[in-house]
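Working notes for the structure below.
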Number of protein chains: 2
Amino acid sequence: MEENVASLLKKNGIKATPQRLAIYNILKNTKSHPSAETIYKGLSKQFPTMSLATVYKTLGLLSRIGLIQEINVGEDSFRYDANTAPHPHIVCLKCKRVDDVGGYDVPQSYDTIAKNTHYKILSHQLYFYGYCPECKKGE
Amino acid sequence: MEENVASLLKKNGIKATPQRLAIYNILKNTKSHPSAETIYKGLSKQFPTMSLATVYKTLGLLSRIGLIQEINVGEDSFRYDANTAPHPHIVCLKCKRVDDVGGYDVPQSYDTIAKNTHYKILSHQLYFYGYCPECKKGE
DNA sequence: ATATAAAAGATATTAATTATTCATTGATAA
DNA sequence: TTATCAATGAATAATTAATATCTTTTATAT
């Protein structure tokens, strides 16, 4: 798996540095859709000298070659997801947690919408907002 | 119409200032989902002394009392829409134009998703991305 | 008309993100 | 093996959207 990523980077003419692989692995091994800041803190033990700018640059890089996706839940900062297949997200309005939504998505046939809007449609994002299992208790 | 908004503001204990009515009217009379900055520029002739902070404060206010909605298409800044009914938006990846999408939306029954995620769901946002009629010509 | 409480305007501040700079690393060719 | 050169990482500065603060002005009720 890690071999794959390394070679995929090289195929794109991008060096497979330890920092880049580490950032990708964090995303691959979590379901929590961390922000750049969160990833940065998570790597501070392993890479005490790494700069936040490196995290941002790497995330931009990985997004551009399609290894991860950037999601914007409408709050202050971006979140990142190594699951690049289209799938909806759900956001807790209280604790800002972001989860994947299974079992539902927009029909991938964009024909009707293209006809109505006259756009050429490439992708979509679907977000739900509410209270997560923990936070809804205190409502 | 403008009477309605003015009285609605007063009913909420909010002063109906010319600036506020003007900002609301801009949104009511356009389909273009302007940003705060765009609204600010659009009012600069009519209110040469108005500050950008006033625009932001008013937009926050109008959102809070449900007269407009804030949308986040995943770009740099927020957009605003006086159509507060849930409806999808479509974003041109080239010129950043934002349009409404008619004829399709997420089923408003959130039951299945609530069951899968264990969230209490309150709302959703659906965004499509692609190229608008003008920009798709140059692809 | 006036008092007063809220709002406007100006400016400063914050926070996320991006750009710039420079030293370092690492691959490649001799 | 080593010199060279481009790419990268790290530190810092810069940018930009949005918010907070403070003083002056204005809308509204009396």
Side-chain angles (χ1 to χ4, degrees), chain A residues 5-7 9-24 26 33-65 68-80 96 98, chain B residues 2-3 5-24 26 33-65 67-80 96 98:
Chain A
V5 179
S7 55
L9 289 176
K10 284 180 197 152
K11 204 169 64 183
N12 283 284
I14 295 162
K15 284 188 186 166
T17 65
Q19 290 88 339
R20 286 172 178 168
L21 295 178
I23 289 170
Y24 179 76
I26 281 205
H33 309 84
S35 67
E37 191 78 36
T38 308
I39 294 169
Y40 173 64
K41 283 177 189 151
L43 286 172
S44 61
K45 282 100 196 170
Q46 199 180 344
F47 296 93
T49 73
M50 183 160 56
S51 142
L52 188 56
T54 300
V55 178
Y56 275 107
K57 273 188 288 189
T58 300
L59 291 170
L61 201 76
L62 295 176
S63 297
R64 236 169 293 126
I65 64 178
I68 65 172
Q69 68 170 318
E70 200 173 53
I71 61 179
N72 187 316
V73 299
E75 294 304 323
D76 38 9
S77 60
F78 288 101
R79 304 298 197 97
Y80 297 88
K96 308 302 176 194
V98 178
Chain B
E2 197 166 320
E3 265 66 30
V5 178
S7 55
L8 215 159
L9 290 175
K10 283 178 199 158
K11 204 170 62 183
N12 283 285
I14 296 164
K15 285 185 185 169
T17 66
Q19 290 89 338
R20 284 173 175 168
L21 297 177
I23 289 169
Y24 179 76
I26 281 205
H33 310 83
S35 66
E37 191 77 35
T38 307
I39 293 169
Y40 173 65
K41 283 177 190 152
L43 287 172
S44 62
K45 281 101 197 169
Q46 198 181 344
F47 296 92
T49 74
M50 184 160 54
S51 145
L52 188 56
T54 300
V55 177
Y56 275 107
K57 276 187 283 190
T58 300
L59 290 170
L61 197 79
L62 296 175
S63 296
R64 236 169 293 126
I65 64 178
L67 269 179
I68 64 172
Q69 69 170 317
E70 200 175 51
I71 62 179
N72 187 315
V73 299
E75 294 305 321
D76 36 10
S77 59
F78 287 101
R79 304 296 198 99
Y80 297 88
K96 307 302 175 195
V98 178

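Not measured: the values here are computed from a predicted model. Hydrogens, waters and symmetry mates play no part in the numbers below; they use all other heavy atoms, side chains included. Below, chain A is the first sequence line, B the second, and so on; all start at residue 1.
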Report summary line: Whichever of A:Pro48 and B:Ala36 has the more 5' nearest nucleotide on DNA chain D, that residue is A:Pro48
Query raised in the report: Do B:Val73 and B:His33 have side chains that get closer than 4.5 Å, going by heavy atoms?
Result: no
Query raised in the report: Hey, does A:Pro18 reach any base, or is it just sugar-phosphate, or nothing, if we go heavy atoms under 4.0 Å?
Result: nothing
Report task. Side-chain contact test, heavy atoms from C-beta onward, threshold under 4.5 Å: evaluate it for B:Ile65 versus B:Leu9 and give yes or no. Result -> yes
Query - Rounded distance (Å) that lies between atom P of D:dT16 and atom CZ of B:Phe78 - result: 18 Å
Query raised in the report: Which one, C:dG9, D:dA10, D:dT8, comes nearest to the side chain of B:Met50?
Result: C:dG9
Query raised in the report: Below 4.0 angstrom from OP1 or OP2 of D:dA18, is there any side-chain N or O of B:Tyr56?
Result: yes
Report task. Using atom CD1 of B:Ile23 as one end and atom P of C:dA8 as the other, report the distance to the nearest whole Å. Result -> 8 Å
Requested in this report: Write down the distance between OH (B:Tyr40) and C1' (C:dA10), rounded to a whole number of angstrom.
Outcome: 10 Å
Query raised in the report: Once you round it to whole Å, what is the distance between C1' of C:dA5 and CG of B:Asn12?
Result: 17 Å
Requested in this report: Any chance you could measure A:Leu52, atom CG, to A:Ser44, atom OG, to the nearest 0.5 Å?
Outcome: 11.5 Å
Requested in this report: Check the distance between C:dA15's C1' and A:Lys96's NZ and give it to me in whole angstrom.
Outcome: 15 Å
Requested in this report: Remember a base hit wins even if backbone is also touched, and classify B:Leu52 as base, sugar-phosphate or nothing at under 4.0 Å, heavy atoms.
Outcome: nothing
Requested in this report: Indicate yes or no: at least one non-hydrogen side-chain atom of B:Lys57 is less than 4.5 angstrom from one of B:Gln19.
Outcome: no
Query raised in the report: Hey, does B:Ala16 reach any base, or is it just sugar-phosphate, or nothing, if we go heavy atoms under 4.0 Å?
Result: sugar-phosphate
Query - Nearest-nucleotide 5' precedence on DNA chain D, B:Ile14 against A:Thr58 - result: A:Thr58
Report task. Answer yes or no: does a side-chain N or O of A:Arg20 lie under 4.0 Å from OP1 or OP2 of D:dT8? Result -> yes
Report summary line: Rounded to whole Å, CD1 of B:Ile65 lies from P of C:dA7 at a distance of 11 Å
Report task. Select base, sugar-phosphate, or nothing to describe what A:Thr54 touches, counting heavy atoms under 4.0 Å on all strands. Result -> base
**Report entry** Under 4.0 angstrom between A:Ser51 side-chain N/O and D:dA11 OP1 or OP2
**Finding:** no
Report task. Determine: side-chain N/O of B:Gln19 to OP1/OP2 of D:dA27, distance under 4.0 Å, yes or no. Result -> no
Requested in this report: Determine the contact category for B:Lys57: base if any of its heavy atoms lies under 4.0 Å from a base atom, sugar-phosphate if only primed atoms, P, OP1 or OP2 are that close, otherwise nothing.
Outcome: base
Requested in this report: Specify the separation, in whole Å, of atom CD of B:Glu37 and atom C1' of D:dT19.
Outcome: 15 Å
Report task. Compare all side-chain heavy atoms of B:Leu59 with those of B:Ile39 and state whether any distance is below 4.5 angstrom. Result -> yes
Query raised in the report: Rounded to the nearest Å, what distance is computed from the CZ atom of residue B:Phe47 to the C1' atom of nucleotide C:dA8?
Result: 11 Å
Query - Under-4.0 Å side-chain N/O to phosphate OP1/OP2 contact, A:Thr17 with D:dG9 - result: yes
Requested in this report: Return yes if a side-chain donor-acceptor contact under 3.5 Å exists between A:Gln69 and A:Tyr80, otherwise no.
Outcome: no
Query raised in the report: Among C:dA6, C:dA16, D:dA18, which nucleotide sits nearest the side chain of A:Ser77?
Result: C:dA16
Query raised in the report: Which residue, B:Ala53 or B:Gly13, contacts DNA chain C at a nucleotide closer to its 5' end, judged by nearest heavy atom?
Result: B:Gly13
